[in-house]
Amino acid sequence: MRVCGGLVVTGTAPREGDILVRDGRIAAIEPPTAGGELDARGCVVLPGGVDPHTHPLSGLARATTAAGQGGTTTVFGFTAPRPGESPGAAWRRAVRDLPQATVAMSLHPAIWEPDRLTRADLEELRALGASSVKLYLAYPELGMMASDRTLYETLRASVELGLLVMVHCENGGVIEARVEEQLAHGATGIDGFVAARATGVEEEAVARTLALARLAEAPVYLVHLSSAGSLVLVREARAQGQRVIAEACAHHLLLDESCYERPDPGRWLIVPPLRSRFHVDALWDGVHDGTLDTIGSDHAQVAYQPAFRGADFRALPSGFPGIETRVPLVLSEGARRGVTLERLASLLATTPARTFRRESTGAIVPGAAADLLVWDPSTHWTVDPSRLHGGHAWTPYDGIEVMGEIRTVIRDGAVLHGPPEP
Ligand SMILES: [Zn+2]
């Protein structure tokens, strides 16, 4: 296959060229020819998206089909351990479902019972092929909140074992206290949920995590940062020589807290909650200046439904789909805000792939897997849930005007979506 005449985003300056694909791999990048098999003239050719943060296991076939349609050719999904199940057993159980995936799929082990986590568990995960392990500093009510000791010890062990520790940074104890404050004041609705999870509870946990990672002399990956203050902390830590990988999620870049003023605000509940425009703009500053490294979707194939039964916000489900819209919406808004194509490719594909040791994808270089997307910046469309493929009747992005359309998605040299090979 020859992908002809597109503007190829290679990591250096984009240049027009043909991509020669052979046996599922990029064989060469050559000077542009005048059209041919897969005509990409007038379009941008980017590496297939790599989504570092998803929760797809409750519907892997649909979630990964949606990913592929939206330009994502590699998905990292979190395991979902059952009560009492070891992290390794949860991994092995998830692996049995992976043949359902229609794009490349890797797992991140989620630790939901951190008090039982042992060094042997981490060694087993490494032996199973994990490149990461995820801890939560929130959700004490679910027994999921890692203690400072567990976080520190896991960071220490991670260096030796070659596992990157991913941390959900929110101070769970303070959230519990603030939940009670909200309820005591009669704030039982969405506003109470959002106020309990104010940016300060994230920033405290980011500061603590960075301090412990510094003590442990370990790199650390911070998931779904949503606050301007968190990015300040990341910059300070890096200035001290720490290796920090900072992730934002697409909804925090594309939506804001005004969604909670809509007639059906509960649909936009997510953790961390959507923030004010000030924070949205600060995250885009982080996209521009390199503070942020990766953009995930935090796609929830099904919303998280708390076990709590009651008439206040503690019973509300949270989380929403986003695996299919991540690449097109971030490309659209990124271009509108003047972010370079190289930078967007890095956030959406190259850096997630490298961070989690999938060096064979995420970049358009000879020898890499032919995971590509052809993006036509000249067209416009409007997000409509009936056009999406994840099996959801609703999307948080309904009605958003999008610049540029993904015309073709190629995975391992085969067309997943778009015009068939002539
Ligand atoms: Zn998540």
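Read the numbers this way: they start at 1 and go in the same order the structure lists the ligands and their atoms.
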Which pair of heavy atoms, one from Ala205 and one from Glu170, lies closest together, and at what distance?
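Nearest pair, atom of Ala205 first, then Glu170: CB-N, 3.3 Å.
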Which atom, among the N/O/S set of Asp298, is closest to the Zn ion (ligand 1)?
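For Asp298, the N, O or S atom at the smallest distance from the Zn ion (ligand 1) is OD1.
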Taking 2.8 Å as the cut-off, does His53 contribute an N, O or S atom near the Zn ion (ligand 1), distance below it?
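Within the cut-off used here (under 2.8 Å), His53 does place an N, O or S atom near the Zn ion (ligand 1).
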Is the distance from the Zn ion (ligand 1) to the nearest N/O/S atom of Cys249 under 2.8 Å?
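No, outside the cut-off.
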Check for me whether the distance between the ring centres of His251 and Tyr397 falls short of 6.0 Å.
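Centroid distance His251-Tyr397: not below 6.0 Å, so no.
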Phe356: what forms a ring-ring contact (aromatic ring centres under 6.0 Å, His included) with it, not counting sequence neighbours?
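By the ring-ring contact (aromatic ring centres under 6.0 Å, His included) rule, Phe356 matches Phe76, His108, Tyr221.
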Between Asp371 and Arg411, is the closest basic N to carboxylate O distance under 4.0 Å?
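No.
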